[in-house]
Structure formats: C-alpha cells, structure tokens
**Student:** 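First the structure, which I've put down as structure tokens, then a few questions once you've had a look.
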Amino acid sequence: MVELPRLVDLAADRLGLNIEYDTRLTGSVTLRLHNDLNNTDLWILTNRLLRAQGFTTVHMANDDTLSVVPIGTAGSLARMESLDRYQESANGVTAGFRAVLIPIDARSLDDIVSSITPLLSPSGTATAIPQSRHVLVMDLSPRIEAIIPAIASLESDTAAIRPVEVPVINLPAERIVTLLAQLTAKRAASGASPVRGEIMAGPDNRSILIVAPPGEIEKWRDLVAQFDRREADQTVSYSSGGMNASQIAGSLTNLLGESASNNGFSVAADDLTGSLVVTATPAQHERVLAILERLAESPEAVRRPTRTFRLKNRDAEEVVGIVQSLISSGVVTGSTPESNTGTASAGSALLPRPTGTEAATRELQLTADPGTNSIIAIGEVAELERLERLLKDLDVRRPQVLLEILIVSLSESDSLDLGVEIDALINGPNDTVAKLSSLFGLSSTGASASGIDGNRGAGLTGIVLNPGDFSVVLRALQSLNEGRSLSIPKILVASNEQASLNSVLEQPFTTLNASDTVATTSFGGSSDAGTEVSVRPQIAEGDHLRLEYQISLSAFVGDAADSSVPPPRQQNSIDSVATIPDGYTIAVGGIELTTEGYAETGIPFLSDIPLLGEVFKNRSKSGSRSRFYVFIRPTILRDRDFEGLKNLSDLRLTETGIDDGWPEPQPRLIR
C-alpha cells in the first residue's frame, strides 16, 4: 500500500518532472505489480490512480510545472494548446488533462461538436469558436487522443458531400427550414443522436438544399417530407387601416409571390368597409399581418392627402351636412365606435387604431367652398375614395316638375222677398183723424202725407194711392246669383323641393288706446284671407310622383262688428299625400257650404186669418251654396338640355303676346 502523495513523488523523481500538489491530495493505493514498470507506464499508472481519486495533472498557462488539481477545476486551469503543439508532445510525458484548439476546414462547427460530444468524459467539453472556425476540446488526455482522429475522419468525409436539392410542394422552403431547425434543437436537447449536415432554402423558395454526408441524405429527405404537407386554410378579416382595400389586396398578392396563389391564397377587398378577407395558411397570415403593420407605419401625409370635389348639381354646403351626418354614424369612414380600437380575434384581425385626441384629428375633415361650389376633404385614401363614390350618387341633376294648379271656386244664391204694406187715414166725427198702417219696411210710405217719398224698392212694386186717405204697396223680389272664380297658376320646382303659391288679401284694423286725458287710435294689425297652396313633388319609381300638398282657401264673410276687431273669416283647408302617374291630374277639394234662411213677419191676429191674412204678412226666403275644387297636374321634365322647358316657356310667351326682344334674322342673298 502506497500513499498517493508518495506515489506522485516517486514518479517525479524517476521521470525528472516538477510536480506540485497541496494538502488536498490524500489517500492511498495498493499496488500489486508482477513486472517492472518503465517510465511511460509509471506515468500512465500515476494519472490513472489520480483520476480514480478525483484528481488529475495539468500544465497551467506559461508554466512547465505539472500541478495536481481536482478534475472539476482542471478545465479552467489547463493551458490552451494548438493542435501542432499537442502533436509535438504526443510522444513525451504530458499532462493528464489538456485543452486543445482544433481547426475545422470543411465541416460545420456545430456538426463537429455534436459528433464528438459522445466521446467526451463527464468532465470534458467541446466548444465551437465560429470567428476562427476552431473547436476547443478540453478533456482527459486518453479522451483527447481518441477525439482528434475522429475529427480528422469527419473532415475527410467532406470530400464525398455534394449539395442535394429537394423540391417542396405545399409549404415555402423557408418555413420548412425553420421547422427543421426547431426539430433538431429539440432532438439535441432531449439527448437523441443528431442528424448530421445542414439545410437551406433554395433561391426560389420552392426547394431545399441539403449539405450532408451521403448516409444522412435520406434522413433529411424523410424529415422534409414530414413537414411538406398542406396546411389548413384559415379565413381572417383584416382592417385596411384607412388605406385603399383594393390596392392593398393587390400588394399582398404581389408581395407573397406566385407560391401564395398556388397554395390556395386569396384576398377579397371590401372598399366600403375598408376590410380585407384573406384565406391563407397560418404562415401566410403571419406575413400578411406583418405587411399590414409596415403599411400602417407609412407617413401621415401619404395616408391622409387632400382632395377637392367640385359639385355640378347640388349645393356644397347642403351636401357637406349630409356627409357629416353619415360620418358620425361611421358609414363614410367604414368604422363604428366599437371598432375604432381592437386587436385580432378569432376570424378577424384589426390593426390598432388611434384613440382620444389623435383619433379626433385623424377623422375625415370636410369644408365647403361656396364660391366654387366645391368640397375640400382631408382623410385616409380609402375614406376619400368612399367619399368620391358617395358624392357621385348625391351630385346628380334632379328632374324638374312642372306643376299646373287649377283652383275653382263656385257660388250660388237664391232669395225671395214678398210683402204688402197698407197705410190708411180714417176721419171720424168731430174732426177726429185715425191712422192705421201695416208697414214692413218695403217703402217709405207713411213718412209723409204724400206716401210716396223715398220709395225705391227693387223688384215688382205696386202702389195703390189715394193721397190723404190710404195707400197700398205690394213688393215681390227674387234674386238668383251664380259665380265662378278660376285661377290656373303654373310653377316649376325640382324634385323633392317645396313650391308655394299665395294670393292673400290683408284687412287692417285699428285699436283705441284711451287714457284720462286723451284717446288715440293706432294700427292694431291685419287679418289675411285668400288662397295658399304648397306642393312638394317627389319622383318615385316608374315615373310616378308622390305629392305632398297643403291647400287653404279663406275669405271674409262680412263686416267687422267693430273697427278694432278683424272681420269674420271663413277658411277651408286640405292637407294630404298622394301618388299619381306622370302627367295625370289629381282632383282635391269639393268642400261645399250650403246656407238656407226663411223669415216671416206679420200683423198679430190679422196675419193668421186665412187668405186675408196674406195682406198683413211679409216673407223673405234665401239660400246660398259655395264650393271650391283644386286640380293638380304634375309633369316631369327629364330633358337634359331643357328642351321641354324651352318649348313650354316659348308657348306661354306667345300666348301673352309679349315680344321677347330677340332679333329675328332675315335671309340675305349673297352674290
């Protein structure tokens, strides 16, 4: 049995080595040797017994003295040697643990490291140094002696390595290379034997280049075949971020290349809502989202230009009011308050939108220019294009409607007056004079002795007169009146606009302001009576017209009871909606007012006597009826050159007999 420090001292003395160790080197070993040991065998035995006790020998940096250190710290203490220096000292006495820097010329560094890792001891390591294409191997000397020839063998195998191109059908080559890299990393982490070689995507992204030893090619082919499978398509809706959806759809198709179209890739653009419906594989969806995010980072001036839209038929301020109401509901901007912000969810993907003050400044801004009848708009490209399509629908010349309105007012009245007046003087005894009269206001009989002053009654009038004695007046009058008032105004109005016709008589009245000292009379106001017509035509489908009309006909029906109040007024009104064909006439009205009156006055008792009582009566009978009708005939004028309007105007001008003032050219003979 020999103490381990004594064994180290024996080897140092016999081999002429400088060996240092500290007090941690303890323990003893038992040696049973049948033959004598030469110097080399003694050194090998010493290092083996040190390893058994957890120690080894190393050459520290810039020092030829051998140090005995624990195996666990040998890697951090051993000096680094080049491959040439290692080979020079191979036949001499070397350290038990060494660090050798081995150059790699042909093979991949990672491939070399993965290949020699199984040859390392538990305390050994192999590290790739890409900058100088070296592999640093630190391990016990016996393991180093086995690893260096193995690396040389791997390097010699590269003479038979040739790149092999494997076409891919379903997935892009870059996608498969990424998946295979993840797979090999997982295999290495799990301790499985790696597949030697390297792969890369082909120039057209439709093939994979395999650089590996001949025996590894089929393994790589199998792995490629496992991943080159058709991925399930997914349909996702994306927001265009305020940009033109159709243009982005074309850009996505171009950027993803022909491989995308061959792989079921499709894009449907909806410019109205500014959305993109993309059907693609998950990998393609990742690229689509990345492209949209890059486009969303474009400068503000590019995405929010200024455009001017000149209107030809509608008023700019009116159209701006309509469009702004649509903007508030999200129609023009293609967004709603709920979708202004959001992130991708199942079946949809929304790019982040601005909020708060930033969102307010990025809304579609409209300004009307009355001078040029134009609309100036600032907004996203997609919003401006939606606005342009909307303005094309709004800025159209509306057909005009010629309204012919016939207002007819009919009146009838019938009155009958029949009466007898008697006036008599009776001379009695003693110069007594008595006068008896039956008067009903038919004449002025009885106002004087003659009995005929002021007799101006109309109708049949008969007088029996005996001046001074008696007189009899008979009056019979019947009046029949028929009246008709006709008015036919014409007015031209645009579709869905209101036309009004008013013919009104104003009757003023006064008011009396009295005080303790003075009374003043002033204007108290006026009362209106006449005809008021309001019609709004709207052109419907199939040359039909929807008419909204309000008609009012009023008239004064007597004198005012006092000068401070307006006279009594009768008013008839009609208000309704109707739909009629173009050129047809609608008849409205027909309000009829009938009045009947009968009056009888007579002398009491005498007027009740049969037959004779008729002499002592006065009868008055009256009746009246009034009606009014309104006939409306709308005619649509659709000529773009206003030929129909010109013809109607010329016709009415001819009817009035007014010279239009245009000179009439006379033919002239040119010689």
Side-chain angles (χ1 to χ4, degrees), residues 242 271-274 304-337 359-403 405 489-502 532-550 575-579 582 632 634-646 648-649:
D271 291 327
L272 181 61
T273 61
R304 290 180 56 80
T306 301
R307 291 188 59 184
T308 301
F309 303 94
R310 180 164 297 178
L311 304 184
K312 299 179 180 179
N313 303 288
R314 299 287 297 275
D315 179 70
E317 294 181 342
E318 176 189 1
V319 175
V320 166
I322 296 173
V323 175
Q324 286 179 340
S325 64
L326 295 177
I327 292 175
S328 61
S329 62
V331 174
V332 178
T333 59
S335 63
T336 60
T361 58
R362 293 183 59 180
E363 291 181 354
L364 182 62
Q365 302 175 10
L366 300 177
T367 302
D369 181 14
T372 60
N373 198 38
S374 302
I375 296 177
I376 303 172
I378 304 175
E380 306 286 354
V381 176
E383 294 174 347
L384 294 178
E385 293 189 354
R386 285 193 292 270
L387 176 62
E388 183 178 14
R389 290 193 295 270
L390 179 61
L391 293 180
K392 287 182 179 179
D393 295 335
L394 295 177
D395 186 28
V396 294
R397 186 177 67 83
R398 291 176 292 178
Q400 299 184 97
V401 180
L402 179 65
L403 295 174
I405 304 174
K490 296 179 178 64
I491 188 170
L492 187 66
V493 62
S495 176
N496 207 31
E497 296 291 342
Q498 183 169 325
S500 299
L501 295 170
N502 297 325
E532 298 180 1
V533 179
S534 176
V535 183
R536 181 190 296 272
Q538 180 180 352
I539 300 176
E541 184 180 2
D543 281 347
H544 284 68
L545 283 156
R546 181 179 181 271
L547 294 181
E548 298 180 14
Y549 56 87
Q550 299 88 30
D575 185 349
S576 184
V577 179
T579 301
D582 177 27
I632 304 174
T635 303
I636 302 175
L637 304 180
R638 294 188 178 274
D639 295 333
R640 298 191 62 85
D641 297 330
F642 300 97
E643 290 297 330
L645 179 60
K646 294 177 183 178
L648 290 173
S649 301

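Positions are given from 1, in the same order as the sequence printed here. Since the structure is predicted, the reported quantities are computational estimates derived from the model, not experimental observations.
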**Student:** Out of curiosity, L394 CG to I322 CD1, how far, rounded to the nearest 0.5 Å?
**Tutor:**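 The distance works out to 5.5 Å.
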**Student:** Nearest 0.5 Å, please: how far is CG in D582 from NE2 in H544?
**Tutor:**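 Going from NE2 on H544 over to CG on D582, the span is 9.5 Å.
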**Student:** Between L492 and L637, is a side-chain contact (heavy atoms from CB on, under 4.5 Å) present by the stated rule, with each step listed?
**Tutor:** CA-CA 10 Å; L492 187 66; L637 304 180; 3.6 Å; yes
**Student:** Is the shortest side-chain heavy-atom distance between T367 and I375 below 4.5 Å?
**Tutor:** no
**Student:** Can you confirm whether L501 sits close enough to L403 that some side-chain heavy atom of one is under 4.5 Å from a side-chain heavy atom of the other?
**Tutor:** no
**Student:** Which heavy atom of P537 sits nearest a heavy atom of E497, and at what distance?
**Tutor:**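 So the two residues come closest at CD-O, 3.3 Å.
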**Student:** Of all heavy-atom pairs between V577 and Y549, which one has the smallest distance, and what is that distance?
**Tutor:** N-CE2, 4.5 Å
**Student:** Working to the nearest 0.5 angstrom, can you tell me the gap between S500 OG and Q550 CD?
**Tutor:**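 Separation between the atoms: 8.0 Å.
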**Student:** Please check this pair: side chain of N373 against backbone of A316, looking for a donor-acceptor N/O pair closer than 3.5 Å.
**Tutor:** yes
**Student:** Rounded to the nearest 0.5 Å, what separates atom CG in L387 from atom NZ in K392?
**Tutor:**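 The distance works out to 11.5 Å.
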**Student:** Can a donor-acceptor pair be found, under 3.5 Å and without considering hydrogens, that links the side chain of D395 to the backbone of R314?
**Tutor:** yes
**Student:** Decide yes or no for L364 and I378: does some side-chain heavy atom of the first lie under 4.5 Å from some side-chain heavy atom of the second?
**Tutor:** no
**Student:** Please give me the minimum heavy-atom distance between Q498 and S534, naming the atom from each residue.
**Tutor:** NE2-OG, 2.7 Å
**Student:** Kindly compute the distance separating CD1 (I539) from CZ (R546), expressed to the nearest 0.5 Å.
**Tutor:** 13.5 Å
**Student:** Can you name the closest pair of heavy atoms from T372 and D369 and give their distance?
**Tutor:**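 Closest approach of T372 to D369, heavy atoms only: OG1-OD2, 2.8 Å.
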**Student:** Would one find more than 12 heavy atoms of other residues, nucleotides or ligands at under 6.0 Å from atom CZ of R307?
**Tutor:** yes
**Student:** Could you give the distance from CD1 (I491) to CG (L402), rounded to the nearest 0.5 Å?
**Tutor:** 9.5 Å
**Student:** Is R536 close to L547 at the side-chain level, that is, under 4.5 Å between some pair of heavy atoms?
**Tutor:** no
**Student:** Is any side-chain heavy atom of L366 closer than 4.5 Å to a side-chain heavy atom of I327?
**Tutor:** yes
